[in-house]
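Since we're looking at a predicted model, the values are computed, not measured. Here is the naming used below: chain letters follow the sequence lines, and residue numbers restart at 1 for every chain.
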Protein chains: 2
Amino acid sequence: MGRRRVTLADVAKATGVSTTTVSLVLAGRGAELRISDDVQRRVRSTAQELGYRRNTLSVGLRTGHTQTIGFVSDTVASSLLAGNMIKGAMEAAHQRGFMLFCGESGGDPDVERALVEAMHDRRVDGIIFAAMYTRTVAVPEGLDDGPAVLLNALPAAYSSVPSVLPDEVEAGRAAARILVDAGHREGVHLVGAGPGLDDVPPNSIAARERLIGMRQVFDAAGVEVVSAHQCPKWMPEDGYDTTREILRHHRPRALVCLNDRLAFGAYQALAEAALSVPDDVSVVSYDDHPIASWVRPRLTTIALPHHELGAKAVEVLFAASERRRRAKSAPVVHRVPMSVQLGASVRNVSAPSRQSGDRASVHAHKTK
Amino acid sequence: MGRRRVTLADVAKATGVSTTTVSLVLAGRGAELRISDDVQRRVRSTAQELGYRRNTLSVGLRTGHTQTIGFVSDTVASSLLAGNMIKGAMEAAHQRGFMLFCGESGGDPDVERALVEAMHDRRVDGIIFAAMYTRTVAVPEGLDDGPAVLLNALPAAYSSVPSVLPDEVEAGRAAARILVDAGHREGVHLVGAGPGLDDVPPNSIAARERLIGMRQVFDAAGVEVVSAHQCPKWMPEDGYDTTREILRHHRPRALVCLNDRLAFGAYQALAEAALSVPDDVSVVSYDDHPIASWVRPRLTTIALPHHELGAKAVEVLFAASERRRRAKSAPVVHRVPMSVQLGASVRNVSAPSRQSGDRASVHAHKTK
DNA sequence: CGGCTGCGCTAAATCGTGTTAGCTTCCCAG
DNA sequence: CTGGGAAGCTAACACGATTTAGCGCAGCCG
């Protein structure tokens with residue numbers, strides 16, 4: 001029940017020493033300041049016995065360190081990305097005895113500022129400012145009053161705040177390489193962005209960099225992308241509509257969808273058109289959203305390293321706190337590699353032996 | 001940059017009054033304690049001018065209130081439920097100037113205890129202990145050292161901690177009513193739980209209560225459920241396998257899937273069997289997972305009120321803090337209603353006019 | 001002229017911890 | 001016998017707010 005908590009003074013009195021001594025012993029500075037082994041033992045044992053726990057508020061007030069990190073995101077709900085990034089951050093933080101303050105701005109700059117202020121009021125040791133899809137963000141005023149990191153985002157204007165991002169260019173290369181390695185040279189279409197590097201959703205870094213990476217590999221392999229289609233929203237419906245549009249004019253051999261939800265929509269349209277994945281059309285996409293493993297056949301997708309991103313952000317934050325004591329250094333961009341998740345949605349068209357996902361069933365269309 | 005924050009003393013000195021006065025004025029107790037209007041004005045204006053913000057740590061140390069709530073969940077990553085509950089809680093908390101500490105236990109009782117302790121160390125004003133799927137939980141030791149609420153969970157043993165849960169029984173009735181109202185009397189199958197009330201995933205409250213609700217309505221309408229199938233995991237693959245199993249022996253007219261992911265798997269199996277939703281088979285499910293609106297036709301589903309659950313938990317927590325000052329009252333279970341999300345996956349088989357989802361396309365199977 | 005009352009404000013204690021400066025006691029060398 | 005140093009601990013202040021008790025002053029009354 002609401003029993004009063006045990007304080008340092010309680011432990012001191014019970015042990016028969018001063019609070020100073022208890023404080024020193026429990027901070028591990030006993031030896032350094034010549035507290036006898038006997039007293040140290042007694043202090044520790046009574047502290048344990050009384051169930052003493054230090055009051056973090058008090059420590060924070062005195063030392064300025066609260067063992068706490070603020071995590072401000074734009075939206076947590078709409079995407080699993082958020083959950084996993086937070087989880088990664090929480091685990092990394094928890095490992096060092098830190099806790100996370102979580103706040104969601106909904107993308108509203110006023111709320112962003114308010115959250116950053118509220119966190120500074122609580123004297124967090126640093127703030128992670130996260131975007132739920134990789135994009136440029138306006139750094140809120142006051143963010144750099146303390147150590148800070150942008151997660152999954154780059155600053156829109158110049159800023160001294162470091163960033164942690166997925167390595168999207170390399171991901172682009174990886175996706176293209178999968179198709180090229182599987183022998184695909186013709187009938188490749190892009191769903192979600194392109195053909196130009198600016199034909200991407202607003203502020204989207206992911207789309208642009210993926211396009212860059214893909215172009216590198218496709219150009220080198222002599223692959224010409226037949227058509228590319230920008231979609232503003234990257235939802236299944238957009239993938240569905242776009243794929244139907246493609247099918248109206250072409251007979252595609254491979255689709256690169258800029259995320260898994262688009263790919264899901266593409267699956268639906270292909271099924272309606274009685275085209276089989278991967279026998280008729282190979283599909284590659286990005287993100288490794290849960291849906292990627294739910295569809296049949298499973299998608300081959302380049303995974304967003306949600307968890308690692310969150311953990312890396314915490315790591316960078318700690319490094320920044322260290323560095324802060326010395327000089328202010330230039331902003332840094334940290335890239336976290338994205339890994340290939342192999343599904344059965346790509347068919348090797350060069351190999352003689354048929355190598356599609358073995359029992360993979362397909363969707364087909366029954367006309368009204 | 002790291003400029004020293006403005007303190008109460010700074011404001012006091014700049015105004016030419018004592019810190020007491022400033023504190024009283026800013027706490028709104030100026031009138032009550034007879035501070036002249038003139039001084040009040042001056043205090044407020046210099047505070048504003050200097051950009052004074054109170055140090056929450058200090059206030060917390062002095063008053064015992066930190067304007068902070070702890071949110072401990074078992075898993076945040078695997079389900080969107082989590083994100084939305086947290087979001088609901090965050091918004092409700094933010095409205096009253098509170099922030100949320102977030103922690104994830106991964107279901108490990110040791111971690112749970114550690115998190116609860118860490119939050120009490122930071123002197124949170126209350127703790128929300130949340131489960132990501134509705135179930136019974138062991139209340140961690142120390143949770144009731146302060147105000148606390150179980151979210152989406154009931155205590156396994158007796159506990160004085162109140163609970164906030166979705167109204168699953170009513171949801172069960174709603175799902176059954178949808179089919180009954182649409183004229184379905186025969187060929188109804190359950191995917192995910194049943195036939196007995198104990199044929200449910202371990203500790204699952206949702207499954208059991210949904211079964212209860214459905215049984216009430218089906219019994220009253222004289223509907224006999226043809227078959228019911230417990231699935232341990234409620235993932236798409238389980239829905240797929242179960243539906244194939246059903247199709248081996250029956251020709252179903254309606255499926256009730258105990259969540260949307262199961263329903264998604266069912267869609268896949270039905271498509272393979274060249275059965276159309278809803279023309280051949282109606283499908284109803286639970287949760288309103290994003291997938292429900294991505295499939296074609298959209299699922300009719302009973303929505304989990306994630307957001308409201310989170311908000312309600314905060315509300316109950318505040319009420320508990322109030323009540324705590326008086327007597328300890330009996331534990332309470334709060335139920336939050338679940339709403340019907342209409343899709344196009346149910347066909348009215350009684351009405352003369354055909355009333356299926358108009359342009360809804362269907363999945364069919366192309367045999368190898 | 002002294003005492004009482006009400007007004008407007010402040011001194012000082014307090015919350016729980018960290019930290020600096022210094023106090024006592026003992027030992028030993030000079 | 002005395003001075004110096006080390007060992008082992010503690011007193012006291014600081015962190016930034018809240019809160020209780022009460023101070024000085026003016027005015028009024030008897």
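With distances taken from any side-chain atom of B:T21 to the nucleotides D:dA11, C:dT10, D:dG8, the minimum falls on C:dT10.
Pairs of residues two or more places apart, or lying in two chains, that qualify as salt bridge (charged side-chain N to carboxylate O under 4.0 Å, His left out) and include a residue from residues 6-23 of chain B are B:R4-B:D10.
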- Query: Is there a ring-ring contact (aromatic ring centres under 6.0 Å, His included) between B:F71 and B:F101 once you walk through the steps?
  - Reply: CA-CA 6 Å; B:F71 192 104; B:F101 263 125; over 10 Å; no
What are the atom names and distances for every N/O pair under 3.5 Å that joins the protein to nucleotides 14-17 of chain D?
{"unit_1": "D:dA14", "atom_1": "N3", "unit_2": "A:R62", "atom_2": "NH1", "d": "3.2"}
{"unit_1": "D:dG16", "atom_1": "N2", "unit_2": "B:S58", "atom_2": "OG", "d": "3.4"}
{"unit_1": "D:dG16", "atom_1": "N3", "unit_2": "B:S58", "atom_2": "OG", "d": "2.5"}
{"unit_1": "D:dA17", "atom_1": "OP1", "unit_2": "B:Y52", "atom_2": "OH", "d": "2.8"}
{"unit_1": "D:dA17", "atom_1": "OP1", "unit_2": "B:N55", "atom_2": "N", "d": "3.1"}
{"unit_1": "D:dA17", "atom_1": "OP2", "unit_2": "B:T7", "atom_2": "OG1", "d": "3.4"}
{"unit_1": "D:dA17", "atom_1": "OP2", "unit_2": "B:L8", "atom_2": "N", "d": "2.4"}
{"unit_1": "D:dA17", "atom_1": "O5'", "unit_2": "B:Y52", "atom_2": "OH", "d": "3.4"}
{"unit_1": "D:dA17", "atom_1": "O4'", "unit_2": "B:S58", "atom_2": "OG", "d": "3.0"}

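A:Q48 and A:R44 are not linked by any side-chain donor-acceptor pair at a separation below 3.5 angstrom, with hydrogens and angles left out of the test.
The separation between B:L24 atom CG and C:dA11 atom P is 13 Å, rounded to whole Å. Straight-line distance from the CG atom of A:D38 to the C1' atom of D:dA7: 14 Å, rounded to whole Å. Residue B:H65 contributes atom NE2, which lies 20 Å from atom P of C:dT14 at whole-angstrom precision. Rounded to an integer number of Å, the gap from A:E32 CD to D:dA7 P is 14 Å. As a whole-Å value, the separation of B:R42 CZ from C:dG8 C1' is 13 Å. Between the C1' atom of C:dC9 and the CZ atom of B:R29 lies a distance of 14 Å, rounded to the nearest Å.
Heavy-atom distances to DNA chain D give each of A:R34 and A:T20 a nearest nucleotide, and the one nearer the 5′ end belongs to A:R34. Closest-nucleotide positions on DNA chain C for B:G16 and A:A27 were compared, and the one nearer the 5' end corresponds to B:G16.
Residues A:E91 and A:H307 are in side-chain contact: their nearest non-hydrogen atoms beyond the backbone lie under 4.5 Å apart.
Judged as a side chain to side chain contact (heavy atoms under 4.5 Å, CB included), and not counting sequence neighbours, the contacts of B:T63 are B:V59, B:H65.
Annotation: cation-pi geometry satisfied between B:R135 and B:Y133 (NZ/CZ under 6.0 angstrom from ring centroid, within 45° of ring axis).
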